[in-house]
Amino acid sequence: MNSWQIFWNRVKNPGTINSILTGLQNTAVIAVFGLLLGFVIGCLLATVKIIQSKNPAVKGLQYLADGYIAVFRGTPMMVQLLLLHFAVFIGVKIAPVAEVSLIFGLNSGAYMAEIIRSGINAVDRGQTEAGRALGLGFTAVMLKIVLPQAIKNILPTIGNEFISLLKETSIVSVIGLADLTRSFKAIADSTFEYFIPYVALALIYFVMVMIITVVIRLIERRLNRDKR
Amino acid sequence: MISVKNIFKDFHKTEVLKGVSIDVEKGEKIALIGPSGSGKSTLLRCMNLLEQVKYGEVWLDGRLLTPVDPYLHPDIIAKSKTFAKLCPEPGNAELKAEVISKIKKEDLLKKHEGAEFHSAVRRYLKENRLNANLARRSMGMVFQQFNLFNNMNVLKNMVFAPVKLKIMTKEQAEEKALKLLDRIGLPDKKYAFPSSLSGGQKQRIAIARSLMMNPEVMLFDEPTSALDPEMVGEVLGLIKELADEGMTMVIVTHEMAFARECATRVMFMDGGKILEEGAPDDIFGSPKNERLKEFLSKVL
Ligand SMILES: Nc1ncnc2c1ncn2[C@@H]1O[C@H](COP(=O)(O)OP(=O)(O)OP(=O)(O)O)[C@@H](O)[C@H]1O
Ligand SMILES: [Mg+2]
C-alpha cells in the first residue's frame with residue numbers, strides 16, 4: 001500500500017469521517033462565535049473609548065478598556081488559552097467548545113475594538129454634528145449614520161480578522177479540544193504517515209479561507225453598489 | 001428668540017470666546033463677520049450646543065439650554081459660602097451688591113459652595129431647562145462642509161430625522177421633502193447619493209434638510225466658503241429667499257455684499273469678542289472700531 005492508499009483507507013473509516021466532521025464543526029463554531037462575540041465586545045470597547053466625557057466613571061471605564069486591549073493584544077493567544085482554560089475557567093461548568101469560543105471572542109474583541117474605533121473615527125465628525133444638530137440622539141446617529149459607514153469601511157479588515165481567527169483556532173488541540181487539526185493529527189499519528197494528512201489539512205483550511213475571502217468581496221461589492 | 005448671555009469658551013486653556021452676548025429677535029437676520037480664528041464658528045456652535053460653554057448661558061424662547069451660570073444670578077451667588085464669608089451683614093444692600101460684583105469680577109465661586117447654593121442652582125435649572133435635543137429641533141444648522149449623510153440618498157437624508165423623531169409620518173415627511181426639492185430645483189436628485197452631487201447642490205439639500213424640521217431660526221456657518229465660485233450664487237439665492245420669507249437667521253459669512261444686502265444687523269467679531277455691531281449701512285459705511293476698519297479694508 002502506498003501512502004495515499006493508507007491515508008484514504010483511514011479516512012473512509014466511518015469513525016474517522018465522524019471525527020473529521022466534528023473537528024470541522026468545532027473549528028467553524030469557534031471561529032464564527034469567536035468573531036461574533038469579538039464584534040460585540042469590540043463594539044462595546046470602542047464605544048467606551050470614543051465617548052468624550054470628564055465623568056470619572058467614564059474615565060475609569062476607559063482605563064479598563066485600554067488595559068483590556070493592551071493585555072489581550074500584548075500576549076500570545078496560546079498563552080491566553082492555556083491560562084484561561086487551566087487556571088481561570090477551571091471548575092466552570094460549560095461545554096468546552098463554548099468555553100473556547102468565549103476565549104477566542106475575548107481575544108478577538110481587543111483587536112475588533114481597535115478596528116471599529118478607527119472605522120468610526122474615519123467617518124467625518126461633521127456628519128455626527130449634522131445629525132445632532134437636527135435633534136437626533138447619540139444612539140440614533142451612531143447606529144444609523146456612523147456605524148453603517150464605519151462597518152463598510154472596515155469590512156475588509158474584519159474579513160482579515162476572521163481569517164486569522166479561523167487559522168488560529170488550530171491551537172486549541174493543546175487543551176485537548178477535538179478541532180479539525182486534531183482530527184488530522186490523529187490520522188497522522190496512528191498511520192505514521194505525515195505528509196498527506198497534513199497537506200490535506202492545510203488544503204481544507206486554505207479552501208475555507210478562500211471561501212471567506214470571496215464572500216467578503218461579494219458583500220463589499222454589494223454595499224458599494226447601493227451607494228451609486 | 002435666542003439669547004446668548006456673556007459666554008466664555010476655551011479649548012485647552014486658550015480662550016476663544018471672551019464674554020459674548022447676543023439677543024436674536026424674531027425675524028432678524030444677523031450677519032457675523034470677522035477675521036479667521038475670531039471665534040465666529042465657535043459662537044454659532046455654542047448656540048446650538050455642539051460646544052459646551054465655560055461660563056454664560058444660552059436661552060431659546062425663554063428656556064435655558066446650557067447649565068446655569070451662577071455668575072449671572074446675584075440671588076444664587078448670595079447663597080454661596082464664599083458670599084457668606086465675604087459679606088458679614090447680608091442685610092446691607094450696598095455691601096451685598098459690592099461683594100457680589102467682587103465675586104463676579106474675580107471668579108471667586110468654587111466647586112462646592114454649600115447645599116443651599118447647589119439646590120438653588122438645581123431648582124433654577126429645573127424650572128428653566130430645555131433639553132438639548134428638543135432645542136436643536138427648532139434651530140436649523142447649516143455647515144461649511146454640508147455634512148450630508150453619505151450612507152443615505154437625498155430623500156432619506158431629508159426624512160430621516162423628522163421620521164425618527166416621530167415629528168412626521170414617513171408619508172408626510174416624503175411629501176414635504178419632495179416639495180422642498182421642487183422648490184430648490186432638484187426634484188430629480190431625490191434618489192441620488194451625496195457623492196454624486198456638486199457642492200452647490202449638496203449645500204442646497206443641506207439647507208432643505210434643516211427646513212424639514214420647521215426650525216424657528218437657522219444658523220449658517222460660512223455656507224458658501226467651500227463652494228466653487230460659480231455655485232455661490234445659487235446657495236446665497238436660496239438663503240436670501242428664506243430671509244425674505246421672514247426666517248430668523250444668524251449667518252457667519254465672508255460674503256460682505258451679501259451681508260450688507262441681506263442682514264438686518266451686522267456684528268463684527270475679533271479675538272473672541274463682539275467689537276462692533278449695528279445696521280449694515282453703519283458697519284460698512286461708517287465703521288468706528290479700528291480693527292473693523294482694518295478688516296473691511298482687507299476684504300472689501
Ligand atoms: N475643536 C477645537 N479645538 C481646539 N481649538 C479650536 C477648536 N475649534 C476652534 N478652535 C480654535 O478656536 C479659535 C476660533 O475658531 P473658530 O473656528 O471659531 O474661528 P472662526 O472665526 O470661525 O474662523 P474662520 O473664519 O476661519 O472659520 C481658533 O483659534 C481655532 O484654532
Ligand atoms: Mg469658522
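Just so you know, these numbers use all the heavy atoms, side chains as well, and skip hydrogens, waters and symmetry mates. In what follows, chains carry the letters A, B, and so on, assigned in the order in which the sequence lines appear, proteins first and then strands, with residues in each chain numbered from 1.
Between M141(B) and A133(A), the closest heavy-atom pair is CB-CB, 3.8 Å. The two residues N147(B) and A130(A) come nearest to each other via the heavy atoms O-CB, 3.4 Å.
Annotation for K176(B): atom NZ counts as buried by contact number, over 12 foreign heavy atoms lying within 6.0 Å. Counting non-hydrogen atoms of other residues, nucleotides and ligands closer than 6.0 Å to CD of Q52(B) gives a total of 12 or fewer. For R125(A), the CZ atom is loosely surrounded, since the number of other residues' heavy atoms within 6.0 Å does not exceed 12. Around the OH atom of Y63(A), the shell of radius 6.0 Å holds no more than 12 heavy atoms that belong to other residues, nucleotides or ligands. The 12-atom threshold is exceeded at OH of Y68(A), counting heavy atoms of other residues, nucleotides or ligands nearer than 6.0 Å.
Both the backbone and the side chain of F149(B) come within less than 4.5 Å of a heavy atom of chain A. In this structure, chain A has a heavy atom under 4.5 Å from the backbone of M139(B), while its side chain stays farther away. Contact annotation for L134(B): neither backbone nor side-chain heavy atoms come within less than 4.5 Å of a heavy atom of chain A.
Summarising the geometry, atom NZ belonging to K164(B) is positioned 7.5 Å from atom CG belonging to L143(A); distances are rounded to the nearest 0.5 Å. The distance from the CD atom of E129(A) to the CD atom of Q145(B) is 11.0 Å, given to the nearest 0.5 Å. Residue L136(A) holds its CG atom at 10.0 Å from CZ of R136(B), rounded to the nearest 0.5 Å. Atom CG of L49(B) and atom CZ of R132(A) lie 10.0 Å apart (nearest 0.5 Å).
For N157(B), the side chain to side chain donor-acceptor pair (under 3.5 Å) test picks out R209(B), with sequence neighbours left out. Under the rule for a salt bridge (Lys or Arg N to Asp or Glu O under 4.0 Å), K111(B) has no partner lying at least two apart in sequence or in another chain.
N151(B) contributes a side-chain N or O that, together with a main-chain N or O of K144(A), makes up a donor-acceptor pair within less than 3.5 Å.
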Report the C-alpha separation of F160(B) and L134(A) in whole Å, then their side-chain angles, then the decisive distance to 0.1 Å, and conclude whether the side-chain contact (heavy atoms from CB on, under 4.5 Å) test is met.
CA-CA 10 Å; F160(B) 180 66; L134(A) 287 165; over 6 Å; no

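Of the listed residues (L165(B), L219(B), L148(B)), the greatest number of heavy-atom pairs within a distance under 4.5 Å of chain A belongs to L165(B). Between chain B and the options G135(A), A140(A), G126(A), G131(A), heavy-atom pairs under 4.5 Å are most frequent for G135(A).
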